Amino acid sequence: MIRAARLEDVPAISSIYNYYVKTSSASFSVEEETPEKRIHWFLEQKKRKMPVLVAVSKVDGQVCGYAFAAPFRDRPAYSTTVEVSIGFAKQFTGQGLGRPLLQQLSELCKSHYRLMLALVASDNEGSLRFFQSCGFRKVGVMTGAVHKFDRYLDLAIFELDLTGGKLSS
Ligand SMILES: CC(C)(COP(=O)(O)OP(=O)(O)OC[C@H]1O[C@@H](n2cnc3c(N)ncnc32)[C@H](O)[C@@H]1OP(=O)(O)O)[C@@H](O)C(=O)NCCC(=O)NCCS
């Protein structure tokens, strides 16, 4: 089941996120975040009217994964562009849950934004395939832009047209 995230979902979101901070280049953070920081972020998302969705188990309500849109950059000229973040607890990956969650998020974003970006490190093969499979177009690669776990990784840029084909006009 997919629904808007609530304040009580924040610890579960944080725990999923911190797993990828510690183990993978799926997160570009290098230090685990505190619960306070994630609560502050959640309230900011609400204030900015940026959607945060969670996929929860119908059986016990457990949060399996999250997806949210965030401003791509703070400058006003980027105001119609958002960046997506999505992550599932390890045991819930590869079960077809990511695609509908991403689809719902992009549907929500269509009314306010024109372009959705996803930035993916070059060693995150699952995620590279995922965004391509969900209709994103790879539009560039930044060489060695990511430094994590003592390695430099390229950063792929994916975009999704939220306008239904009117993006370049
Ligand atoms: C990336 C992620 C959100 C995808 O969600 P998911 O539920 O695992 O993906 P789905 O099962 O819905 O798969 C959708 C498509 O992506 C492809 N895909 C997803 N993970 C894949 C993997 N590890 N390897 C190859 N393809 C993969 C699937 O094959 C499927 O494509 P298809 O229908 O054309 O076969 C999830 O695996 C995840 O949380 N990964 C770790 C965190 C992460 O990398 N987040 C993104 C940071 S940029």
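Quick caveat: nothing in here was measured; it's all calculated off a predicted structure. In this chain, residues are counted from 1 in sequence order. We count ligands from 1, going down the list as the structure has it; atoms in each ligand are counted the same way.
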Output, in order, the C-alpha distance, side-chain angles, deciding distance and verdict of side chain to side chain contact (heavy atoms under 4.5 Å, CB included) for Tyr17 and Ser85.
CA-CA 10 Å; Tyr17 181 80; Ser85 292; over 6 Å; no
So, is Phe88 polar-close to ligand 1, with some N/O to N/O distance under 3.5 Å?
yes
Backbone or side chain, does any N or O of Ile86 fall under 3.5 Å from an N or O of ligand 1?
yes
Enumerated ligand 1 atoms positioned under 4.0 Å from heavy atoms of [X]:
X	answer
Gln95	11 (O)
Thr93	8 (O), 36 (C), 37 (O), 38 (C), 39 (O)
Leu119	48 (S)
Gly87	39 (O)

Is there side-chain contact between [X] and [Y], with at least one heavy-atom pair below 4.5 Å?
X	Y	result
Phe130	Val120	no
Lys90	Thr23	no
Leu102	Phe136	yes

Proximity flag Val84 to ligand 1, non-hydrogen atoms under 4.0 Å
no
Please report whether the ring centroid of Phe68 lies less than 6.0 Å from that of Trp41.
yes
I want to confirm something. Looking only at heavy atoms, which of [options] is nearest to [atom]?
atom	options	value
atom 11 (O) of ligand 1	Gly96, Cys134, Ser85	Gly96
atom 21 (C) of ligand 1	Gly126, Ala89, Ser127, Ser27	Gly126
atom 8 (O) of ligand 1	Gly94, Gly98, Ala55	Gly94
atom 32 (P) of ligand 1	Arg99, Glu125, Gln103, Gln132	Arg99

To the nearest 0.1 Å, how far is [atom] from its closest protein heavy atom, and which atom is that?
atom	result
atom 44 (O) of ligand 1	Asn124 ND2, 2.9 Å
atom 25 (C) of ligand 1	Arg129 NH1, 3.3 Å
atom 43 (C) of ligand 1	Ala26 CB, 3.5 Å
atom 13 (O) of ligand 1	Phe130 CD1, 4.1 Å

Are any of the protein's heavy atoms under 4.0 angstrom from atom 29 (O) of ligand 1, yes or no?
no
How close do Ser25 and Phe149 get, heavy atom to heavy atom, and via which atoms?
N-CE1, 4.3 Å
Please state which part of Leu102 comes within less than 4.0 Å of ligand 1, counting heavy atoms only: side chain, backbone, both or neither.
neither
With backbone taken as N, CA, C and O and side chain as the heavy atoms from C-beta onward, which portion of Ser133 lies under 4.0 Å from ligand 1: side chain, backbone, both, or neither?
side chain
Classify the ring geometry of His147 against Tyr152: parallel below 30°, tilted from 30° to 60°, perpendicular beyond 60°.
parallel
Is there a path of hydrophobic side-chain contacts, each under 4.5 Å between heavy atoms of I, L, V, M, F, W or Y residues, that connects Tyr78 with Val82?
no
If you group Ile, Leu, Val, Met, Phe, Trp and Tyr by side-chain heavy-atom gaps below 4.5 Å, do Val30 and Phe28 land in one group?
no
Apply side chain to side chain contact (heavy atoms under 4.5 Å, CB included) to the pair Glu33 and Asn18, showing each step before the final yes or no.
CA-CA 7 Å; Glu33 65 179 22; Asn18 279 336; 3.4 Å; yes
Test: Arg3 and Asp9 ion pair at under 4.0 Å:
yes
